[in-house]
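Structure first, then comments.
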There are 2 protein chains.
Amino acid sequence: MGANIKLKPKLIQSIDRALQILESFSNEEKELGVTEIANRLDLHKSTVHGILTTLEYRGYIKKNVKTGKYQLGLKLLELGNLVHDSMDLISLAKPYLQELVNKHQETVHLVVYDRGEVIYIDKIEGKGAIKIMSRIGKRNPVHCTGVGKCLLAFREDHEIEMILKQDLKKYTVNTITDSEKLKEQILEIRKNGYAFDMEEIELGLRCIAAPIRDHRRKVVAAISLSGPSMRMDQERMQNLVTDVKKAADMISRNLGYIDMHF
Amino acid sequence: MGANIKLKPKLIQSIDRALQILESFSNEEKELGVTEIANRLDLHKSTVHGILTTLEYRGYIKKNVKTGKYQLGLKLLELGNLVHDSMDLISLAKPYLQELVNKHQETVHLVVYDRGEVIYIDKIEGKGAIKIMSRIGKRNPVHCTGVGKCLLAFREDHEIEMILKQDLKKYTVNTITDSEKLKEQILEIRKNGYAFDMEEIELGLRCIAAPIRDHRRKVVAAISLSGPSMRMDQERMQNLVTDVKKAADMISRNLGYIDMHF
DNA sequence: AACTTTGTTTGGTATTATCAAACAAAAGGG
DNA sequence: CCCTTTTGTTTGATAATACCAAACAAAGTT
């Protein structure tokens with residue numbers, strides 16, 4: 001669970017269960033039955049039924065009358081859109097991300113940092129046949145993604161130390177699990193203003209990432225351009241750095257960031 | 001509440017309250033405090049606090065450490081996106097809607113029917129200075145919107161009768177509140193395959209709407225092109241009908257609909 | 001610095017969510 | 001086609017749990 005060291009606070013059981021039910025749905029499992037959910041969360045089906053009734057009444061769940069199963073409701077589309085619209089960052093960054101995609105035909109991500117993890121808040125796919133497995137709202141660790149290392153590099157020292165102290169889970173042979181080595185790279189990233197991910201979370205996946213700063217010069221987000229290793233040799237990656245950094249800088253400027261170099 | 005005749009079922013209080021809290025947020029009120037919510041929903045602040053803690057733990061709510069107030073969380077972005085992705089209709093319709101917007105520079109909507117009401121599931125804004133007040137996820141009555149009348153016209157007769165029997169709320173001087181007159185119009189819409197909204201829900205707002213059918217020839221959605229009356233005179237509207245119908249037909253075809261006219 | 005207003009924590013109480021069991025309605029299989 | 005199995009729904013008794021109130025803490029305001 002990343003650097004989320006927070007202890008589980010006193011939760012309201014029924015609400016917590018309701019939220020867990022919502023999260024049981026996924027792109028692979030768009031429809032779930034009562035007993036299916038009950039087994040998964042180890043609850044009684046009558047309990048699940050009651051929760052579903054409440055969720056359905058408010059539009060968070062919809063029952064498919066044909067199959068009798070349940071699926072996520074349109075209320076979530078509404079609330080999701082509300083969140084989307086409140087994030088100025090997304091709409092502001094969109095044109096620059098689109099430009100990157102158009103020019104290089106690789107998938108681009110926009111992410112923010114949240115409690116020791118990275119959250120994808122926008123994504124534009126390249127035309128390439130190879131799709132990157134990612135999803136808006138998805139969380140990933142910081143130590144093995146380009147954007148993650150970018151965001152980590154500009155956090156406060158004590159927070160970095162905290163992450164480094166924790167167990168750096170190994171995802172591939174390239175994942176950096178040695179905290180000393182990661183620290184070195186963080187210093188590099190700070191100096192250069194960009195990061196690479198050399199198949200550190202998934203074999204065959206490489207990316208270039210760069211940080212986004214707001215008007216207070218604080219790093220608040222990061223973008224990345226990812227592609228399959230076969231298209232991402234060292235030389236091309238080095239060439240892409242300029243464009244990725246430029247896009248990130250343009251977004252920063254739109255957030256009120258003023259470059260002090262002159 | 002439209003034709004939603006459903007009685008309030010036995011709801012789980014705490015969950016229902018939690019959902020009501022989520023819905024308290026809006027574009028105008030992105031941040032709310034504990035007591036603010038408590039007063040609004042007539043709950044004790046300790047109760048609200050407990051619910052918020054649970055919602056926050058799961059990421060549905062995020063506390064702004066600067067202001068101390070709460071706002072909607074990124075988990076809703078994730079779930080909203082999940083719903084979005086499961087609706088093939090949206091992505092499938094997008095290019096045709098975009099084409100309409102590009103050509104006519106007016107706002108376009110994509111809607112579905114749900115329990116006697118219309119729900120907006122996508123929207124692309126025109127470049128025009130006058131913005132249409134609408135929002136993805138918003139519900140509107142069927143009797144006074146172009147899309148609503150479109151969707152109603154192709155429902156089963158008994159459902160139409162049910163809607164007609166109900167009180168047709170007056171929104172403007174142009175709102176059709178006479179069920180006989182509405183019935184006549186519905187027959188017209190069935191025959192012609194498109195509907196007008198002549199400032200029936202909001203003064204100064206007109207639109208052209210057309211139905212979308214799936215592979216079973218069933219009307220499952222509708223689109224509309226809306227604009228301010230000053231740009232929407234009778235002549236232009238009549239001219240727009242062709243393009244709106246054409247876009248709707250193209251989307252229908254993408255859903256597997258096969259036209260039997262030949 | 002005193003006073004509001006706000007968010008948070010606490011624990012007793014009664015409401016309420018939960019469980020189990022029985023029912024109903026489909027689905028599957030012989 | 002009927003019987004079996006699985007699934008969704010309803011019920012009511014019980015104990016757990018969400019709720020309220022009151023007290024506390026921390027800001028914000030005058």
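All chains are named by letter (A, B, ...) in the order of the sequence lines, taking the proteins before the strands, and each is independently numbered beginning at 1.
- Contact check, A/Q13 against C/dT18: a side-chain N or O comes under 4.0 Å of OP1 or OP2.
- Distance B/L11 CG to D/dT9 P: 15 Å, rounded to the nearest Å.
- Atom C1' of nucleotide D/dA27 and atom NZ of B/K66 are separated by 14 Å, given to the nearest angstrom.
- In this structure, B/L43 places its CG atom 15 Å from C1' of C/dT16, rounding to the nearest Å.
- The pair A/R115-A/E117 does not meet the salt-bridge criterion, since no charged nitrogen lies less than 4.0 angstrom from a carboxylate oxygen.
- Under 4.0 Å is where a charged nitrogen must lie from a carboxylate oxygen, and between A/R190 and A/D157 at least one such pair does.
- Of the two residues contacting DNA chain C, namely B/T53 and B/I12, the nearest-nucleotide position lying further toward the 5' end is that of B/T53.
- Between B/T35 and C/dG7 there is a side-chain N or O to OP1 or OP2 distance below 4.0 Å.
- In this entry the distance linking NZ of B/K69 with C1' of D/dG28 reads 11 Å, nearest Å.
- Side-chain polar atoms of A/Y70 and A/E36 form no donor-acceptor pair below 3.5 angstrom.
- A close approach under 4.0 Å does occur between a side-chain nitrogen or oxygen of A/H49 and OP1 or OP2 of D/dT9.
- If you measure from atom CG of A/L41 to atom C1' of C/dA17, you get 16 Å, rounded to the nearest angstrom.
- The CD1 atom of A/I15 sits 6 Å away from the P atom of D/dC19 (whole-angstrom rounding).
- Distance A/Y70 OH to D/dT9 C1': 8 Å, rounded to the nearest Å.
- Look at NZ on A/K10: it is 12 Å from C1' on C/dT9, rounded to the nearest Å.
- Electrostatic pairing of A/K66 and A/E31 does not count as a salt bridge here, judged by no charged N lying under 4.0 Å from a carboxylate O.
- Between A/R139 and B/E78 there is no salt bridge, since none of the side-chain N atoms of the basic residue sits less than 4.0 Å from a carboxylate O of the acidic one.
- When each of A/T67 and A/S14 is assigned the nucleotide of DNA chain C with its nearest heavy atom, A/S14 is the one assigned upstream, toward the 5' end.
- Among the atoms of the strands shown, base atoms are found under 4.0 Å from some heavy atom of B/S46.
- A residue-by-residue look at A/R17 and A/N39 shows that A/N39 has its nearest nucleotide of DNA chain D further toward the 5' end.
- Along DNA chain D, the nucleotide nearest to A/G68 and the one nearest to B/D42 differ in position, and the one closer to the 5' end is contacted by A/G68.
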